[in-house]
Amino acid sequence: MDPTTFDRERHVAFLEMMLECLPEDYESQEINRLTIAYFVISSLALLDALDRVNKDQLVSWVLSFQLHPRNDADLKNGQFYGFGGSAPASTFIGDEPASGNNCSHLASTYCALAILKVVGYSFANSNFELILVSMRELQLPDGSFMPTHTGAEADLRFIYCAVAICFMLNNWTGMDKLKAREYILKCQSYDGGFGLVPGAESHGGATYCAVAALHLMGYMETGIISKLSQTLVIDTPLLVEWSLQRQSVDGGFQGRANKPSDTCYAFWVGGVLKLLGGYHFCNKEALRSFLLSCQSKFGGFKKFPDIIYPDLYHSFYGFSALSLLQEPGLKPLQVELGIPDISGAGI
């Protein structure tokens, strides 16, 4: 492949193939099937190729993953009535779910709603009130969220998912916004970045979750660094400095200090800079060169330039990062929501 050219048609062909049949290496990711679908569908949307998808069939498939209570008593059992990641969560064998480990999950629910938004599905056609009612039970006293009703960690990733779910449903009854905000602010580190939990090392993904959540909740304006005379909820200048320091000599972005550049952080950290209004400070030419070096000859993107095979996670975030760079042939992003900003999204 020409390392200076974005090969759109090869990428579309790769995604069409992934839509029909995944390689066997994805078998271990069965529980994340909705997440994988989110990467494929959102990538096709970024490439303006959603015409390759049977939208009605896709919507029916996604909706089949939602868990529903069997009766009113179930509404008081602490279960989260969102979307599971794999086989339909509403399928029961006797009195038990068909897959006891496939509980509905905040990340899967975010992915499900994002897919539906991307293909233009009207949420007025469904009753998602149960998602919000049951999601509120996942918020802990410190403001953080567990992703499911039992046996899970709580950190910024799941605050972001909860915030994005409320934003997409245009209903904030599913969470206490002030408590979530307080938790996010406690996660900013001494160097300006955010850790997944208070006191943790700053990380590109966690920093995106913090900044994007604050934007979606209305606590931060886009391009905030141009308005530094206003009262800021976080230490923005330090955050911008930390984010810019993540661009390495090879042009790519690293997720943490002293780590190699990785395709996905061109979105996670680049998206933070975009939201803060500091994206123009990064070396865009060098970043584009790094990203194109991670294109696979099979289509899609790789984590690093020197590995062979692409994967769907890094493919989507490679497309997203190039969209931030306004690469021809790619749709723009709604950065804080992590989906293509297309007219059919209903946003």
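Sequence positions, counted from 1, serve as the residue numbers for this chain. These numbers come from the heavy atoms of this one structure, side chains and all, not from hydrogens, waters or symmetry mates. What you see is a predicted model; the values in this text were computed from it and never measured.
Side-chain rings of F267 and Y317 approach one another, their centers coming within less than 6.0 Å. Residues H11 and F6 place their aromatic rings such that the two centres sit under 6.0 Å apart.
Between the side chain of S289 and the backbone N or O of A286 there is no donor-acceptor pair closer than 3.5 Å.
In this structure, Y279 is not a member of the same hydrophobic cluster as L238, with clusters built from ILVMFWY side-chain heavy atoms closer than 4.5 Å.
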Exercise for the section: For the pair Y110 and Y38, evaluate ring-ring contact (aromatic ring centres under 6.0 Å, His included) and give the outcome as yes or no after the intermediate values. Expected result: CA-CA 9 Å; Y110 160 77; Y38 159 74; 5.6 Å; yes

**Request:** Go through the steps for Y81 and M135 under the test side-chain contact (heavy atoms from CB on, under 4.5 Å), then give the verdict.
**Result:** CA-CA 8 Å; Y81 292 103; M135 188 174 79; over 6 Å; no

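The one candidate from R33, E30, Q29 that meets the side-chain hydrogen bond (donor to acceptor under 3.5 Å, both in side chains) condition with S86 is E30.
One distance of note links OH of Y121 with OG of S126; it measures 2.5 Å at 0.5 Å rounding.
Considering only residues two or more places apart in sequence or on other chains, E327 meets the side-chain hydrogen bond (donor to acceptor under 3.5 Å, both in side chains) condition with R288. Taking R181 as the reference, L185, L214, Y219, V233 meet the side chain to side chain contact (heavy atoms under 4.5 Å, CB included) condition, with sequence neighbours excluded. Not counting sequence neighbours, the partners of A212 by the side chain to side chain contact (heavy atoms under 4.5 Å, CB included) test are Y160, Y208, L275, E336. Shown here are the ring pair (Phe, Tyr, Trp, His ring centres under 6.0 Å) partners of H149, two or more places apart in sequence or in another chain: there are none. Residues satisfying the ring pair (Phe, Tyr, Trp, His ring centres under 6.0 Å) criterion with F123, sequence neighbours excluded, are F128. Remark: A200 engages V197 in a side chain to side chain contact (heavy atoms under 4.5 Å, CB included) (not counting sequence neighbours). Remark: S315 engages no residue in a side-chain hydrogen bond (donor to acceptor under 3.5 Å, both in side chains) (not counting sequence neighbours). Applying the side chain to side chain contact (heavy atoms under 4.5 Å, CB included) test to L140 and every residue at least two apart in sequence or in another chain returns D142, S144, M146, A154.
The salt bridge (charged side-chain N to carboxylate O under 4.0 Å, His left out) analysis of residues 182-206, with sequence neighbours excluded, yields the pairs E201-R256.
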Distance-only donor-acceptor pairs under 3.5 Å for side chains of residues 163-175, two or more places apart:
from : atom 1 : to   : atom 2 : distance (Å)
N171 : OD1    : T173 : N      : 2.9
N171 : OD1    : T173 : OG1    : 2.7

Could you pull out every donor-acceptor pair under 3.5 Å between side chains of residues 45-56 and any protein atom, sequence neighbours left out?
from : atom 1 : to  : atom 2 : distance (Å)
R52  : NH1    : E16 : OE1    : 3.0
N54  : OD1    : D56 : N      : 3.4
N54  : OD1    : Q57 : N      : 3.0

Name each donor-acceptor pair under 3.5 Å that joins a side chain in residues 298-312 to protein atoms two or more places apart or in another chain, with its distance.
from : atom 1 : to   : atom 2 : distance (Å)
K302 : NZ     : P305 : O      : 2.8
K302 : NZ     : I307 : O      : 3.0
K303 : NZ     : D262 : OD2    : 2.6
D311 : OD1    : Y313 : N      : 3.1
D311 : OD1    : H314 : N      : 2.8
D311 : OD1    : H314 : ND1    : 3.1
D311 : OD2    : H314 : ND1    : 2.9

